[in-house]
Amino acid sequence: MTVVVSAENLTKTFGTHRGIVGVDVSVAEGDIFGFLGPNGSGKSTTIRLLTGLSHPTSGTAKVFGLDPIVDAVEIHRRVGYLPGELALHPRLTGQEHVDFAAKVRGIRDRTFLRELVDRFQVDLERPTRTLSKGNRQKIGILLAVMHRPELVILDEPTSGLDPLMQDEFERLMRELVSTGATVFLSSHELDEVQRVAPRVAIIKDGRLVVTDTVEALRRRA
């Protein structure tokens with residue numbers, strides 16, 4: 001089993017304020033791993049540590065066996081990331097966002113990108129400030145997966161999506177995994193996670209409560 005994401009005793013504090021404490025996580029290649037917890041529980045803090053956007057206070061994080069701080073460029077090349085608070089330039093269109101990302105990523109064949117645009121009915125023509133939350137979220141999903149990353153890290157990915165688009169998103173996640181990708185899916189909604197993730201970690205008040213399969217959690221509940 002190849003471990004793609006791991007954390008050991010991962011801790012982050014903000015002065016006297018709690019972030020996360022002693023988080024242990026292991027995600028195998030080809031898994032859809034659910035990271036579940038209420039708002040403010042430490043999900044986004046954990047993701048920022050895994051992606052090298054924040055430095056841990058103590059403990060270790062590894063992605064592809066690499067250090068998220070030291071090897072950030074290599075990791076970011078192989079990862080697709082959708083933050084919980086998606087920030088798009090309000091004056092740029094979706095197409096301009098996509099074109100810039102494609103240039104940075106070195107994407108020449110846009111066949112997969114065009115398929116995603118059609119599947120999610122993404123409006124790329126208007127400035128993002130004129131779009132609804134759901135339509136901006138579609139652009140975020142597009143930017144996260146358009147380069148066919150080995151690892152997709154998603155923070156509240158279906159926020160603002162209607163039920164039809166949520167179903168399409170779930171199909172896309174299963175398709176990505178079928179091609180060998182790994183998905184780290186963070187959410188505060190149990191129903192969203194359990195539909196696609198066989199294995200789940202639950203975090204509350206900055207500490208992991210349990211890590212187990214969805215089936216085992218159902219039996220225990």
Side-chain angles (χ1 to χ4, degrees), residues 4-5 7 25 27-54 63 68 75-76 78-89 94 97-98 101 105 112-113 115-124 128 131-203 214:
V4 174
V5 176
V25 168
V27 183
E29 184 179 38
D31 276 357
I32 301 179
F33 183 83
F35 197 51
L36 185 67
N39 293 331
S41 59
K43 301 189 303 298
S44 295
T45 298
T46 303
I47 287 174
R48 289 180 64 82
L49 293 170
L50 293 175
T51 53
L53 300 176
S54 184
V63 177
I75 290 173
H76 292 172
R78 301 166 67 183
V79 170
Y81 172 46
L82 175 63
E85 296 296 330
L86 177 64
L88 300 174
H89 194 293
H97 281 86
V98 166
R105 294 282 188 184
F112 181 56
L113 173 58
E115 291 174 359
L116 292 173
V117 171
D118 290 340
R119 287 177 64 173
F120 286 92
Q121 302 168 27
V122 186
D123 184 349
L124 296 178
T128 59
L131 300 177
S132 66
K133 164 67 174 174
N135 282 319
R136 291 195 302 272
Q137 195 72 358
K138 292 177 188 179
I139 294 173
I141 293 171
L142 205 68
L143 296 173
V145 304
M146 59 187 279
H147 57 297
R148 295 183 181 272
E150 298 170 54
L151 169 64
V152 187
I153 299 178
L154 305 161
D155 195 357
E156 306 287 354
T158 63
S159 176
L161 298 185
D162 63 44
L164 289 176
M165 289 298 102
Q166 290 180 23
D167 289 344
E168 194 63 53
F169 169 80
E170 291 167 15
R171 281 192 289 271
L172 175 62
M173 293 302 102
R174 295 187 183 99
E175 289 169 14
L176 290 174
V177 167
S178 72
T179 63
T182 305
V183 176
F184 188 99
L185 173 61
S186 172
S187 176
H188 66 275
E189 295 186 10
L190 174 60
D191 188 50
E192 174 185 28
V193 170
Q194 70 180 2
R195 287 198 301 267
V196 293
R199 190 161 156 267
V200 174
I202 300 175
I203 188 170
V214 170

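Keep in mind that this is a model prediction, so the values were computed, not measured. Numbers here simply count residues along the sequence, with the first being 1.
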> Residues in ring-ring contact (aromatic ring centres under 6.0 Å, His included) with Phe184, at least two apart?
Replying inline: Phe33, Phe35
>> With rounding to the nearest 0.5 angstrom, report the CG to NE2 distance, Asp155 to His188.
In response: 10.5 Å
> So which heavy atom on Ser54 is nearest to which on Leu49, and how close?
Replying inline: O-CD2, 3.4 Å
> Can you tell if the side chain of Leu124 reaches within under 4.5 Å of the side chain of Leu142, non-hydrogen atoms only?
Replying inline: yes
> Does the side chain of Lys138 reach to within under 4.5 Å of the side chain of Gln121, using non-hydrogen atoms?
Replying inline: yes
>> side chain to side chain donor-acceptor pair (under 3.5 Å) for Thr158 and Glu192? Distances and angles first, verdict last.
In response: CA-CA 8 Å; Thr158 63; Glu192 174 185 28; 2.5 Å; yes
>> If you apply the rule side-chain contact (heavy atoms from CB on, under 4.5 Å), what do you find for Ile75 with Thr51, and how did you get there?
In response: CA-CA 8 Å; Ile75 290 173; Thr51 53; over 6 Å; no
>> Please give me the minimum heavy-atom distance between Thr128 and Arg136, naming the atom from each residue.
In response: O-CD, 3.6 Å
> Leu172 versus Leu116: any side-chain heavy-atom pair under 4.5 Å?
Replying inline: yes
> Distance from His76 atom NE2 to Leu53 atom CG, nearest 0.5 Å?
Replying inline: 5.5 Å
> Are Leu185 and Glu156 close enough, and set up right, to give a side-chain contact (heavy atoms from CB on, under 4.5 Å), and what steps lead you there?
Replying inline: CA-CA 8 Å; Leu185 173 61; Glu156 306 287 354; over 6 Å; no
> So, Glu168 side chain and Phe120 main chain: donor-acceptor pair closer than 3.5 Å or not?
Replying inline: no
> Counting distance only, does the side-chain N/O of Glu150 pair as donor-acceptor with the main-chain N or O of Thr182 below 3.5 Å?
Replying inline: no
> How many angstroms lie between CG in Leu190 and CD1 in Ile202, if you round to the nearest 0.5 Å?
Replying inline: 7.0 Å
>> With heavy-atom distances below 4.5 Å as the criterion, would you say the side chains of Leu154 and Ser186 are in contact?
In response: no
> If you round to the nearest 0.5 Å, how far is CD1 of Ile153 from CG of Leu82?
Replying inline: 11.0 Å
>> Could you report the tightest heavy-atom contact between Ala181 and Pro149, atom names first, then the distance?
In response: CB-O, 3.7 Å
> Does a donor on one side chain sit under 3.5 Å from an acceptor on the other, for Ser159 and Gln137?
Replying inline: no
>> Let me confirm one number: the CG-CD distance from Leu113 to Glu115, rounded to the nearest 0.5 Å.
In response: 9.5 Å
> Between Asp167 and Arg171, is the closest basic N to carboxylate O distance under 4.0 Å?
Replying inline: no
> Should Val152 and Leu176 count as side-chain neighbours, where that means a heavy-atom distance under 4.5 Å?
Replying inline: yes
> In Å and rounded to the nearest 0.5 Å, what is the NZ to CD1 distance from Lys43 to Ile203?
Replying inline: 8.0 Å
> Tell me, do Val122 and Asn135 make a side-chain contact under 4.5 Å, heavy atoms counted?
Replying inline: no
> Which atom pair, heavy atoms only, marks the closest approach of Val177 to Asp31?
Replying inline: CG2-O, 4.1 Å
> What heavy-atom pair brings Gly80 and His147 nearest, and what distance separates the two atoms?
Replying inline: CA-CE1, 3.7 Å
> Under a 4.0 Å N-O cut-off, is there an ion pair linking Arg195 with Glu189?
Replying inline: no
> Yes or no on side-chain contact (heavy atoms from CB on, under 4.5 Å) for Ile141 and Leu161, after CA distance, side-chain angles and deciding distance?
Replying inline: CA-CA 11 Å; Ile141 293 171; Leu161 298 185; 3.8 Å; yes
>> So Leu143 and Leu88, do their side chains get closer than 4.5 Å, heavy atoms only?
In response: yes
> Should Val214 and Val193 count as side-chain neighbours, where that means a heavy-atom distance under 4.5 Å?
Replying inline: no
